Amino acid sequence: MVCARAGLNDMYSRSPFSWPLVILLSVCTLQFGCRDGSVGAPPRNAAYAGGTHDHGSGGHGDHDHGDGHAHDDHGSAELEPVTITKHTDAFTVFAEFPRLIVGQPADFLVHLTVRADGSAFHTGTMQATVTDRFGGESMYVLEKPKRDGLFVPTITFRVAGQYQLELDITGAQASEVIELGNLTVYEDLNAAKEAADKEHAEDDDAISFLMEQQWLIGLQVEQATQREMREGMRVVGRLDTPHHAQGEVAVSETGRLDAPDGGQLPRLGQRVEAGQLLGYVEPPLPLLSEVALRSVDLEIQGLEIDRDIRSATARLAFAEAEQQRMTGLMDRKVAANQEINATKRDLEVARADYEAALEMRRRFDAAARDLTELRQLIIPADGDDDGADIRASHRVALTAPISGVVTMADAVAGQNTVVGDVLFRITDPKVMWLRAEVPEIDVPRLPATPNALFSLSGANGNTFDVRALGGDVVFMGVEVDERTRTLPIVFSVPNPDGVLRGGMRANVFIQTDATRQAITVPKSAIVKEAGRPLVFVMTNGESFERRSVRLGARNGQFVEVLSGINAGDWVVSHGAYLLKLAAAAPSSFGHGHAH
């Protein structure tokens, strides 16, 4: 404890106080009743009264906040208590105490809410420092809360006037020094009543929601602030699966569908990888008989070709001999020109037939080799014509064209398939396309590379930022649709968590390059009542007002408020819907709390 008396000499040595002021300070110090040598070990009320006070284990009457405050009868209990609400970076402080009257002990009910999660401060210490108008300080240390979220120092003031109260909070959840504000101490009860009468009465429409109830639901508040908002346009849109993120598995051979060896056919919703074996198509078994029939045909055709070759060879030999004979007669000039020409024609025909027969033989030999290779593929090397082995060696594998999720599995093992049947459809949901339709009148406002924010009715009202998610523009239309008079814009949207689904309707906000300053609140602060948006404003620690608001643009998780609240108002950002339910049925959240 830094006692006013102990600090008097030091104050005098630092500042050229006049002796009358020193005497005045001395008198005030005596009235505070400080204990000599009590630095660091605060009395019950260092600036207030002597003696220590244990707040950790009782020492106070119960205070029923649901049905009024029942303090010990110190004279000021009939007056409405004083409340102070303070929001800091770490805490929301709600202090409640009676009108301060000289000589009357006052319980300060200091409620501490950790702003990070809306929980009650439960482990740590609080040092309360009271400073008078002359700079004299007195400290009061509480080693732990009386219970979670509540410190209750008791202070008795000996001199009327203005005081400053500072709280030094230290704990595992958060630590901070908080200037709580001015305290007014009155000479007597009449002066306190006169001051109370001049203050405004409480709002009858205020919603009461006690600190214990707030801690129960983790209620949090955020301040409405001026924020730079990017202007834009609201349009309709939808989510689609990109074409390159879809694949089909179709049948290229007529036959019977079989599952992979030792496995099953893909199931709906199953994830598969590109190239993964999905099943087989087994061609009809009559292939062997077909091969045998082709073999017989080839043998017959081979015999016919051999006969044709022999016949053509004979005709060619005869035509060549006839040509030689006719040449000798011509030399002796006993052959007519007509006979010579006929002999040449017969030789040419015979030679052509012979060449044709040889070509047929070459083609026959090639067909025979193909048939032999086919037999080697379908018949085991040991010559065992087992049907199962033949089928296994000739079946057609079905593989996944892309990685993704099976979204259509219209197939069962054993069914007959024909060429062109689509058995499986695979979709990769990692990236979606957001297609927005921009009205023709707004097209000139579009920036070169627009960004889009969008919300979905099936995503708990969350707003998604395309650029923040790592997406970008895929395509901007070059023509306005003649029917809808809109220009399409397609954005790619990463979807690693699979929240976005193809076919979803989207409310899209396309940002432009223009910006403006606007009052904003977190999007989570907006609740609907009869279809109209409203927010809940904390007027003091346990009182709230319902405010109807008119909304404007959105910027990520913040929304512009055109009317209904002012910058600096503290709105409920987490738990607003539960507060709305509590306002409709307060009995469901209990009655009061006892300190």
Side-chain angles (χ1 to χ4, degrees), residues 87-92 113-118 214 217-237 434 436 442 445-447 449-472 491 493-494 497 499-500 506-529 531-539 544-580:
H87 302 279
T88 67
D89 292 340
F91 296 102
T92 292
T113 301
V114 180
R115 285 193 56 203
D117 57 9
Q214 296 178 35
I217 66 173
L219 185 140
Q220 295 171 254
V221 293
E222 293 288 340
Q223 194 170 29
T225 57
Q226 288 278 351
R227 191 181 304 271
E228 185 178 84
M229 297 292 289
R230 189 174 296 275
E231 295 184 355
M233 59 201 76
R234 295 188 182 279
V235 300
V236 297
L434 173 67
D442 290 325
R445 300 170 57 200
L446 287 172
T449 54
N451 184 36
L453 310 177
F454 66 97
S455 61
L456 308 168
S457 58
N460 297 323
N462 292 333
T463 297
F464 302 90
D465 186 323
V466 170
R467 195 159 292 162
L469 291 173
D472 206 346
F491 300 88
V493 185
D497 298 328
V499 175
L500 309 179
N507 297 314
V508 185
F509 179 78
I510 298 181
Q511 295 177 329
T512 66
D513 291 332
T515 61
R516 67 175 184 276
Q517 291 294 318
I519 298 175
T520 64
V521 298
K523 187 173 179 292
S524 58
I526 307 297
V527 294
K528 294 291 185 67
E529 187 173 68
R532 292 175 297 182
L534 59 87
V535 299
F536 290 94
V537 176
M538 177 182 280
T539 54
F544 299 84
E545 285 184 359
R546 179 191 284 102
R547 303 269 187 90
S548 295
V549 292
R550 187 163 60 92
L551 305 180
R554 293 181 180 178
N555 187 357
Q557 294 302 315
F558 294 91
V559 60
E560 177 184 13
V561 180
L562 301 175
S563 64
I565 62 172
N566 300 313
D569 286 344
W570 288 87
V571 300
V572 177
S573 60
H574 179 79
Y577 181 72
L578 292 176
L579 180 56
K580 173 188 170 185

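Keep in mind the model is a prediction, meaning the values are calculated, not measured.
- Legend: side chain to side chain donor-acceptor pair (under 3.5 Å) pairs involving residues 558-576, not counting sequence neighbours, sorted by first then second residue: R516-E560, R547-D569.
- Ring centroid separation for the pair F536 and F544 does not come in under the 6.0 Å cut-off.
- In this structure, OG1 in T92 is found 9.5 Å from CD in Q220, a value given to the nearest 0.5 Å.
- Annotation for A567 and I519: closest pair N-CD1, 3.7 Å, computed over non-hydrogen atoms.
- By the 4.5 Å heavy-atom criterion applied to side chains, V508 and R234 are not counted as neighbours.
- Side-chain atoms of V561 and L551, non-hydrogen and from C-beta on, do get closer than 4.5 Å to each other.
- Residues satisfying the salt bridge (Lys or Arg N to Asp or Glu O under 4.0 Å) test with R546, not counting sequence neighbours, are E529.
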Does the side chain to side chain contact (heavy atoms under 4.5 Å, CB included) test come out yes or no for V572 and V535, once each step is laid out? CA-CA 7 Å; V572 177; V535 299; over 6 Å; no
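- Under the side chain to side chain donor-acceptor pair (under 3.5 Å) test applied with N451, the options T512, D465, D472 reduce to a single match, D465.
- When all heavy atoms of V235 and A436 are compared, the closest pair comes out as CG2-CB, 3.9 Å.
- The closest side-chain heavy-atom distance from I526 to V559 is below 4.5 Å.
- Using a 4.5 Å heavy-atom cutoff, the side chains of V521 and F558 are not in contact.
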